Amino acid sequence: MPEKREPAPGWPIVSGEYVVGNPESCVGVVTLGSHGLEQAAIEAGAAIAGPCHTENLGIEKVIANYISNPNIRFMILCGSEVQGHITGQCFKALYENGIGDDGGIIGAKGAIPFLENVGKDAVERFQRQIVEVVDLIDVEDIDKITQAIKECISKDPGATEEDPEEIDIKKKEGGLPTVAKPDLEFTKKLMDSLEYKVGLMTRDLGLGSGVQAGSLLGIILGSILAIVLVGIPVVLKILLG
């Protein structure tokens, strides 16, 4: 019987949309952009299962809940990938590469993959604790997810020897990552995210008032948003010296 340990008091320590199962299970399941898979994952034996839509605060919450429970040794990524945020790929990049000095997830392709509340120590703890990330991204087949959970349980190495680690996650949704100066790669990711969102706006507007009018309005709105978002770090740098 694999050795088990007590999670942090009140685990899970960060609130969210997840469903909780047996805290001694070695498996955590992230259903990304899909809903309705959580209960099946719990019934298959997962400790915790829930969606994760964002590549910053969302990932931080998952890390906080995982490293505060030493029994979780496997992460299963399943469900539909989150367009624009590409959260599943960001999770994999985080596990494989960690984060840089600026908090950015190395190799992540999401729009704003910056962790503000989770530092390198916590990320490295996550990397040590999780022995395998199972890639079932874009899989919503409950039988396949159930099989993956059971396979992980059959390989349970027992709890990590490290104590539960608690992180204080402060909700900063809607803000920009903390940056010292404008960054071209960061700006490009912002623009890619804006392009995706403007595309959705254009589609919706086109249905009601014609594709040309919607496209023009989308381009105008996208340009304004891009100027504002790119200009904010510059203004802050000037004001703060």
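Bear in mind the structure is a predicted one, so any value in this text is a computation, not a measurement.
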- Message: Taking salt bridge (Lys or Arg N to Asp or Glu O under 4.0 Å) as the definition, give me every residue that meets it alongside Asp163, ordered by chain and number, with sequence neighbours left out.
- Response: Arg5

Could you check if a side-chain atom of [X] sits within less than 4.5 angstrom of a side-chain atom of [Y], using non-hydrogen atoms only?
X	Y	result
Arg125	Arg128	yes
Pro12	Val20	yes
Asn56	Glu116	no
Pro164	Pro70	yes

Count the heavy atoms belonging to other residues, nucleotides or ligands that lie under 6.0 Å from [atom1] of [X], then report whether that count exceeds 12.
X	atom1	value
Glu132	CD	yes
Glu6	CD	no
Lys144	NZ	no

- Name the orientation class of the two ring planes belonging to Tyr66 and Phe126 (parallel below 30°, tilted from 30 to 60°, perpendicular beyond 60°). tilted

Quick one: do [X] and [Y] end up in the same hydrophobic cluster if we chain Ile, Leu, Val, Met, Phe, Trp and Tyr together by side-chain heavy atoms under 4.5 Å apart?
X	Y	value
Leu136	Leu77	no
Ile145	Val133	no
Ile137	Ile76	no
Val19	Ile142	no
Val82	Val134	no

Output the distance between atom [atom1] ([X]) and atom [atom2] ([Y]), rounded to the nearest 0.5 Å.
X	Y	atom1	atom2	result
Ile67	Glu165	CD1	CD	4.0 Å
Ile99	Ile59	CD1	CD1	11.0 Å
Leu94	Ile105	CG	CD1	5.0 Å
Ile63	Phe91	CD1	CZ	7.0 Å
Glu43	Ile149	CD	CD1	10.0 Å
Thr87	Leu32	OG1	CG	6.5 Å

At their closest point, which heavy atom of [X] faces which heavy atom of [Y], and how far apart are they?
X	Y	value
Val123	Gly98	CG1-CA, 3.9 Å
Val27	Cys152	CG2-CB, 3.6 Å
Asn65	Ile13	OD1-N, 3.0 Å
Glu166	Pro9	OE2-CD, 4.0 Å
Leu37	Val139	CD1-O, 4.5 Å
Ala46	Val29	CB-CG2, 3.8 Å

Give a yes or no on whether the backbone of [Y] and the side-chain of [X] come within a donor-acceptor separation of less than 3.5 Å.
X	Y	result
Ser34	Ser80	yes
Glu124	Gly119	no
Glu81	Gly88	yes
Asn97	Ile106	yes
Ser154	Glu151	yes
Tyr95	Ile130	yes
Thr54	Gly58	yes
Asp138	Cys78	no

- For residues 12-40, the salt bridge (Lys or Arg N to Asp or Glu O under 4.0 Å) pairs (sequence neighbours left out) are none

- Trace of the side chain to side chain contact (heavy atoms under 4.5 Å, CB included) decision for Lys120 with Asp101: CA-CA 8 Å; Lys120 284 188 176 182; Asp101 292 336; 2.6 Å; yes

- Query: Do Gln129 and Thr160 have side-chain atoms, one donor and one acceptor, less than 3.5 Å apart?
  - Reply: no

- Item | Pair Cys26-Ile153, side chain to side chain contact (heavy atoms under 4.5 Å, CB included): steps then yes or no | CA-CA 6 Å; Cys26 63; Ile153 292 174; 4.2 Å; yes

- Begin from the C-alpha positions of Trp11 and Ile48 and carry the test side chain to side chain contact (heavy atoms under 4.5 Å, CB included) through to its verdict. CA-CA 10 Å; Trp11 184 86; Ile48 187 171; 4.0 Å; yes

- Message: I'd like to know if Arg73 and Asp156 make a salt bridge, using a cut-off of under 4.0 Å between side-chain N and carboxylate O.
- Response: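 Result for this pair is no, no salt bridge flagged.
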
- Check the pair Glu60, Ile167 against side chain to side chain contact (heavy atoms under 4.5 Å, CB included), reporting the backbone distance first and the verdict last. CA-CA 9 Å; Glu60 289 181 336; Ile167 301 175; over 6 Å; no

